[in-house]
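In this text the structure is predicted, and so the values were computed from the model without any measurement.
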Amino acid sequence: MSTKELLGAKIRYIRKSKKIAQEKLAELADISPRQMVRIEMGQCFPTIENLEKIAKALNVSIQSLFENDYYDSIENLKEKIQKKLDMLDENNTKFLYLILSNLD
């Protein structure tokens, strides 16, 4: 994937995870719906100004839009998860276990 495609996919992923319609995000960011489609499809880069507006509308940092752990290898993701697990205290470990035990 190109950088434009990765950025667009990340914006789309965050938008969907927050249950925001694409048109609504365009409205919140004061960007035309057509431009938002092009950004999410990886057809163009947003301007810095639009990138700031998108990040603000999604309530995330601009930096987080460029973090693409989602596309990392499974081995690297498991390693990162293990490091995070090792840092959890007892209560958070038990809480995470409850969450994970309900996954199929």
Side-chain angles (χ1 to χ4, degrees):
M1 283 186 136
S2 71
T3 304
K4 286 189 290 192
E5 291 169 326
L6 285 171
L7 176 60
K10 185 66 180 261
I11 291 169
R12 184 173 51 253
Y13 173 78
I14 294 170
R15 175 181 61 76
K16 286 184 174 187
S17 72
K18 294 179 178 266
K19 297 180 178 21
I20 300 172
Q22 193 175 57
E23 287 112 15
K24 183 66 176 175
L25 177 58
E27 179 185 323
L28 291 170
D30 193 28
I31 297 171
S32 75
R34 183 174 180 198
Q35 183 69 6
M36 186 59 67
V37 169
R38 294 186 71 225
I39 292 168
E40 285 194 7
M41 296 297 294
Q43 295 172 349
C44 68
F45 277 114
T47 64
I48 294 297
E49 181 181 87
N50 285 346
L51 195 59
E52 289 175 338
K53 290 178 182 180
I54 291 167
K56 184 176 180 182
L58 292 171
N59 198 29
V60 298
S61 68
I62 291 175
Q63 177 184 349
S64 69
L65 296 177
F66 291 94
E67 295 170 348
N68 287 302
D69 287 347
Y70 181 80
Y71 297 102
D72 211 345
S73 72
I74 294 299
E75 293 79 23
N76 285 343
L77 290 174
K78 286 181 179 180
E79 195 174 301
K80 289 176 182 180
I81 290 170
Q82 186 59 53
K83 285 179 183 177
K84 296 226 179 245
L85 284 172
D86 291 342
M87 294 187 320
L88 291 178
D89 63 18
E90 183 178 344
N91 286 335
N92 284 326
T93 301
K94 289 178 179 180
F95 178 69
L96 183 59
Y97 175 77
L98 289 173
I99 293 169
L100 293 174
S101 65
N102 287 302
L103 295 176
D104 289 334

### Query
Is L100 reachable from L85 through a run of I, L, V, M, F, W or Y residues, each pair having side-chain heavy atoms under 4.5 Å apart?
yes
### Query
Salt-bridged, K24 to E27, with N to O below 4.0 Å?
yes
### Query
What about L51 and Y13, same hydrophobic cluster or not, with Ile/Leu/Val/Met/Phe/Trp/Tyr joined at side-chain heavy-atom distances under 4.5 Å?
yes
### Query
Quick one: CD on E67 to OG on S61, what's the gap to the nearest 0.5 Å?
6.0 Å
### Identified side chain to side chain donor-acceptor pair (under 3.5 Å) partner of E40 from the options Q22, R12, K16
Q22
### Task
Without swapping roles, check the side chain of Q35 against the backbone of S32 for a donor-acceptor pair under 3.5 Å.
no
### Message
Just checking I48: does its CD1 atom have more than 12 heavy atoms from other residues, nucleotides or ligands closer to it than 6.0 angstrom?
### Response
no
### Task
Evaluate the criterion side chain to side chain contact (heavy atoms under 4.5 Å, CB included) for residue pair K10 and V60; output intermediate values, then yes/no.
CA-CA 12 Å; K10 185 66 180 261; V60 298; over 6 Å; no
### Query
Out of curiosity, I14 CD1 to I11 CD1, how far, rounded to the nearest 0.5 Å?
7.5 Å
### Query
More than 12 foreign heavy atoms under 6.0 Å from CG of N59: is that the case here?
no
### Query
Going by an N to O cut-off under 4.0 Å, is there a salt bridge joining K53 and E49?
yes
#### Entry: Straight-line distance of I31 CD1 to N50 CG, nearest 0.5 Å
4.0 Å
### Message
Is there a path of hydrophobic side-chain contacts, each under 4.5 Å between heavy atoms, that joins F66 and L58?
### Response
yes
#### Entry: Same apolar cluster (I L V M F W Y, side chains within < 4.5 Å links), I81/L96
yes
### Summary
Closest heavy-atom pair, A29 versus M36, reported as atoms and distance to 0.1 Å, is CB-CE, 4.5 Å
#### Entry: L65 versus L7, closest heavy-atom pair with distance
O-CD1, 3.6 Å
### Query
I54 and I62: same hydrophobic cluster, using ILVMFWY side-chain contacts below 4.5 Å?
yes
#### Entry: Stepwise side chain to side chain contact (heavy atoms under 4.5 Å, CB included) test for E90 and K94
CA-CA 6 Å; E90 183 178 344; K94 289 178 179 180; 3.0 Å; yes
### Task
Please lay out, stage by stage, how Y97 and L88 fare under the test side chain to side chain contact (heavy atoms under 4.5 Å, CB included).
CA-CA 11 Å; Y97 175 77; L88 291 178; over 6 Å; no
